[in-house]
Each structure stands twice: as C-alpha cells, then as structure tokens.
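Below you'll find the structure, written out as structure tokens, and then a few comments.
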Amino acid sequence: MAGNVITIPAACGRYRNADSLSESGKKRRVAGYARVSTGMEDQQTSYAAQCSYYTAYIQNREDWEFAGLYSDEGISATSTRHREGFNRMVEDALNGKIDLIITKSVSRFARNTVDSLSTIRKLKDNGTECYFEKENIWTFDSKGELLLTIMSSLAQEESRSISENCTWGVRKRFAQGKVSVPFGRFLGYDRGGDGNLVVNEEQAEIVRKIYGFFLQGRSVCQIARLLTQESIPTPGGKKVWSGTVVKSILTNEKYKGDALLQKVYTTDFLSKKKKKNEGEIPQYYVEGNHEAIITPAVFDRVQERMRRKDGREGGRIGERIFSGKIRCGDCGGWYGSKVWHSNDKYRKVVWQCNRKFDGGHKCTTPHLEEKTIEELFLKALNGIGGWEESVLACFWEIAKAMRKSAHRKMMEDFMARFQNQDRKADCFDEGAWYALVDFVTVCGREEVRFTLRNGTEISVQNRLVRR
C-alpha cells in the first residue's frame with residue numbers, strides 16, 4: 001500500500017545569478033579579477049580600464065558587497081602557478097571571504113583547461129560562484145561546466161597558436177644569425193643601436209678577471225668567493241656569487257665574439273619548461289658576430305682546462321688550493337684533504353689518496369701535511385735551474401691575460417722578488433702556486449714530481465715526509 005507523497009516546493013533556487021542575494025538573504029560578497037599578459041602600453045590601458053570598470057560595477061550594486069579587486073599585470077595565463085593576485089583570490093574564496101567572482105572572460109581566468117576547470121570546481125564545492133561576462137557563463141548554472149570546457153579548450157588552443165607563432169619567429173631570427181641575449185643580466189655587454197652586443201668596458205674587466213683567476217688555477221667556487229669578497233655584483237645584481245654563475249661565464253662563447261643560438265628550447269607551452277638542446281632541434285653558430293672580450297686562444301685554453309679540471313675532480317669543485325692538484329703515483333687517483341684530531345689541540349689537515357683504503361689494494365703513497373706541500377713546492381721552485389726562462393715566460397703570459405686584476409699585481413710582485421733574489425723563493429706564495437703548477441705526482445715516499453703548466457717536470461726528493 002503506497003504512502004501519501006507530499007511535495008515541498010523549493011524555497012530558493014540552487015543556482016544564483018547577478019540579481020540574487022546570497023542564500024542567507026545577505027548581500028553577496030563580490031570580487032573582481034583583472035589581468036593582462038604583457039606590460040605594453042595598450043595592455044596597461046586595458047588593465048587600468050578593467051580595474052576601474054569592475055570596482056565601479058560591483059560597488060554600484062545595492063545587493064552586492066565589494067570584496068576587493070584582485071589583479072595580475074604582465075603575467076601569462078597558461079599557468080596559474082606564478083599569478084599572485086589570482087592565487088590570493090582563490091585562497092580568500094576558499095576561506096569563505098568571497099561569494100562571487102566576476103571577470104572579463106574565460107581566457108582572463110586561465111588558458112589552461114585543466115587549471116581552469118579544477119579551480120572552478122574547487123570554488124564551486126566551497127560555495128563560490130564565478131561569472132564570465134563576455135561568454136555570459138555562470139558556474140552554478142547547469143550548463144556552465146559544459147560551456148566552460150568548450151571555452152577553456154578554445155582559449156588553450158589560442159594560447160598554443162600564439163606560442164607556436166612566437167617560437168617560429170624566434171627560430172627564424174636564429175636561422176638568420178640574429179643574436180639576442182638578456183642584457184639586463186648578461187655581464188660584459190650592452191645592447192647596441194642595432195640590437196647587437198656592444199662591450200661594456202667596466203663589466204668586461206670583471207669578465208677578464210674571472211678568466212685570469214681560472215688560468216691561475218683557481219676553481220669556480222674559489223673565484224666566486226673572491227668576487228663576493230670584493231663586493232662585485234653578479235650579472236643579476238646579487239651580492240653573492242655561485243660557482244655555477246662563474247662556470248657559465250667561463251664557458252660562454254659570446255665572450256670570444258661568437259654566438260651559439262638555440263642552446264635551449266621550450267618543451268611545453270603550458271608549463272614553459274625549458275630543456276637543453278641536445279640535438280632535438282637545429283642550432284646555429286655565428287662566428288665573429290661582435291667584439292670579443294676574451295681572445296679565442298685564451299677562451300679555447302680555458303675550455304681545455306675546464307674539461308681537465310672536471311675530469312680531475314670527479315665533477316666536484318675543489319675548495320682548497322691543493323684540490324685537484326695532487327695525484328697518487330701508485331693508483332693514479334687524486335689526493336683529498338682529511339682532518340685528523342678534529343676535536344682536540346692536535347687538529348691538523350693532511351692530504352692523502354682518496355683511494356688509499358678502497359678494495360683489497362692499499363696505496364703505498366704517503367699522506368702529506370699542508371706545510372710539507374708548501375716546502376716541497378719551494379724546493380721545486382728554487383731548483384728550476386735551466387728551465388727558468390720558459391717558466392717565467394709561462395708565468396708572464398698568464399699575468400698578462402689578467403690585465404687590471406689585483407692578483408696580476410700579486411703575481412708580478414712575486415716574480416719581481418723571485419728575479420731580484422737570484423731566482424730564489426724564501427716563502428710559499430699562493431699566486432705562484434696557482435700560476436705555475438699544473439699538478440703534482442706523489443711517486444712514493446722518496447720522490448714528488450711537479451708538472452708545471454708549460455710541461456716542465458721537476459722531481460724533488462721527498463725527505464720531508466715522516467715515515
């Protein structure tokens with residue numbers, strides 16, 4: 001037997017529109033969102049007009065309460081990740097501060113279909129409606145999501161088309177050999193009248209200093225530390241240098257007057273993710289495009305030493321002046337620093353083969369204290385003998401490459417003292433070590449061999465080592 005069914009009419013509509021109050025009968029808290037994707041003058045006018053329009057539009061409604069205007073200027077809509085105004089608006093809505101969001105169009109909200117729909121659903125579940133004025137879409141309306149899916153997809157395809165057109169234009173310019181760099185954070189060059197690179201002499205001295213430091217034998221981290229200590233700003237205007245920034249300067253072919261174009265490319269127009277070009281798309285190399293700061297010969301020498309240094313240090317950057325300089329004559333490995341008695345008064349730093357206790361073979365080469373290395377170097381330096389003229393020539397070549405550097409002055413002072421003291425050195429000099437020594441081979445307990453940068457080898461009896 002069927003029971004009696006009584007229909008209870010709806011007291012209010014499920015979906016709201018522009019003429020309704022909130023379900024509680026209070027004024028709806030309404031926010032506006034405005035965005036333009038570039039900082040061009042006409043876009044700035046559009047941005048100001050959007051802000052003015054939505055502020056007045058909301059405040060003139062008696063049934064609405066103005067909940068604020070959120071905006072992003074010069075920000076792309078392909079992703080919501082970096083849009084601070086948009087993200088702050090969504091957060092306020094999820095915290096119950098906004099009932100309705102009004103914006104110009106779906107494309108102003110987001111060109112990424114996934115971002116657009118996921119955000120709208122999140123807001124809808126939290127009781128916040130969105131209204132897109134151009135398309136006349138209310139997200140609480142039953143047809144709203146279908147229309148949004150269609151419109152967001154169209155907006156995303158429009159963004160894809162714009163991105164592909166821009167990419168085509170950039171690659172076309174590359175194919176024509178037109179060079180462009182981010183001049184605002186590129187050290188050594190300014191933009192010339194024709195858009196090409198023009199040497200900024202003040203910054204160029206910093207570039208030459210970096211190359212000079214490296215030719216001395218300093219690691220990129222040591223160079224970064226020196227530049228930071230000298231209060232030289234980074235290419236991006238920061239106070240602290242990193243080894244990565246120094247290495248990028250040492251390996252950039254633009255400093256020798258050439259330009260390799262299309263080093264990286266964008267893999268996805270939505271995420272804007274970039275990838276190093278490893279042959280996926282064409283590259284273009286322009287020779288003699290602009291005035292060089294570093295001569296091609298010096299640049300090529302630095303690249304060769306960079307490759308040797310990377311292999312020598314296993315991809316790590318040495319932090320001490322002896323890092324990547326001392327080789328084990330037994331196994332061919334490199335010496336590293338070890339701290340003995342680190343927590344007591346007998347604390348000292350020693351250098352020994354990094355492979356000394358690896359596997360079944362134990363290297364027979366001894367450890368060396370830093371003081372011992374310094375004394376052995378002095379012994380080698382004072383025993384150059386008939387090779388001294390070629391060594392001096394090598395030294396002066398490196399000093400010349402450093403031009404106005406303070407370390408060039410240090411090197412020149414040392415060489416002057418060295419020559420005036422009958423070619424004898426009485427104390428360890430860091431500049432001389434960097435300038436002259438390529439690497440040192442510990443042949444055993446009795447012999448250490450110094451290989452200088454010009455290829456000269458000097459064997460020193462290792463009687464300073466304690467057994």
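These figures come from a predicted structure and were not determined experimentally. In what follows, every heavy atom counts, from backbone to side chain, and hydrogens, waters and symmetry copies are set aside.
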Any salt bridge between [X] and [Y], counting N to O under 4.0 Å?
X: K325; Y: D438; answer: no
X: E230; Y: K209; answer: yes
X: K379; Y: E374; answer: no

Should [X] and [Y] count as side-chain neighbours, where that means a heavy-atom distance under 4.5 Å?
X: L250; Y: Y211; result: yes
X: V246; Y: F213; result: no
X: I294; Y: R208; result: yes
X: T441; Y: V448; result: no
X: Y255; Y: Y189; result: yes
X: W351; Y: P366; result: no
X: E457; Y: L452; result: no
X: Y53; Y: E133; result: yes

Looking only at non-hydrogen atoms, find the nearest pair between [X] and [Y] and report the distance.
X: C51; Y: S71; answer: SG-CB, 4.4 Å
X: T365; Y: G329; answer: CG2-N, 4.1 Å
X: G32; Y: Y54; answer: CA-CB, 4.5 Å
X: A93; Y: L123; answer: CB-CD2, 3.6 Å
X: C328; Y: C331; answer: SG-N, 3.5 Å
X: E447; Y: S459; answer: OE2-OG, 2.9 Å

Could you tell me the separation between the [atom1] atom of [X] and the [atom2] atom of [Y], rounded to the nearest 0.5 Å?
X: C130; Y: I101; atom1: SG; atom2: CD1; result: 4.5 Å
X: N196; Y: D190; atom1: CG; atom2: CG; result: 12.0 Å
X: S242; Y: L227; atom1: OG; atom2: CG; result: 10.5 Å
X: S52; Y: Q50; atom1: OG; atom2: CD; result: 11.0 Å
X: I373; Y: L368; atom1: CD1; atom2: CG; result: 5.0 Å
X: I210; Y: I249; atom1: CD1; atom2: CD1; result: 4.0 Å

Taking the side chain from [X] and the backbone from [Y], do they hold a donor-acceptor pair closer than 3.5 Å?
X: T234; Y: W241; result: no
X: N200; Y: G188; result: no
X: E375; Y: T372; result: no
X: S248; Y: V245; result: yes

Quick one: which of F439, W433, F377 gives a ring pair (Phe, Tyr, Trp, His ring centres under 6.0 Å) with F322?
W433
Any chance the side chains of [X] and [Y] put a donor and an acceptor closer than 3.5 Å?
X: Y70; Y: E84; result: no
X: N289; Y: D258; result: no
X: T364; Y: D330; result: yes

CD (E202) with more than 12 external heavy atoms under 6.0 Å
no
Verify the neighbour count for atom NZ of K338: are there more than 12 heavy atoms of other residues, nucleotides or ligands below 6.0 Å?
yes
Residues F299, E253; criterion side chain to side chain contact (heavy atoms under 4.5 Å, CB included); working and verdict
CA-CA 8 Å; F299 182 85; E253 77 292 335; 4.2 Å; yes
Side chain to side chain contact (heavy atoms under 4.5 Å, CB included) between H290 and K254: does it pass, once the steps are laid out?
CA-CA 8 Å; H290 52 273; K254 292 181 180 65; 4.0 Å; yes
Evaluation steps, side chain to side chain contact (heavy atoms under 4.5 Å, CB included), between T451 and V440
CA-CA 6 Å; T451 301; V440 181; over 6 Å; no
Please assess N354 against Y335 for the test side-chain hydrogen bond (donor to acceptor under 3.5 Å, both in side chains), listing each intermediate value before the final yes or no.
CA-CA 5 Å; N354 289 324; Y335 270 47; over 6 Å; no
For I458 and R449, what are the C-alpha separation, side-chain angles and deciding distance, and is it a side chain to side chain contact (heavy atoms under 4.5 Å, CB included)?
CA-CA 6 Å; I458 304 173; R449 185 170 62 249; over 6 Å; no
Would a line drawn from the ring center of F86 to the ring center of Y33 be shorter than 6.0 Å?
yes
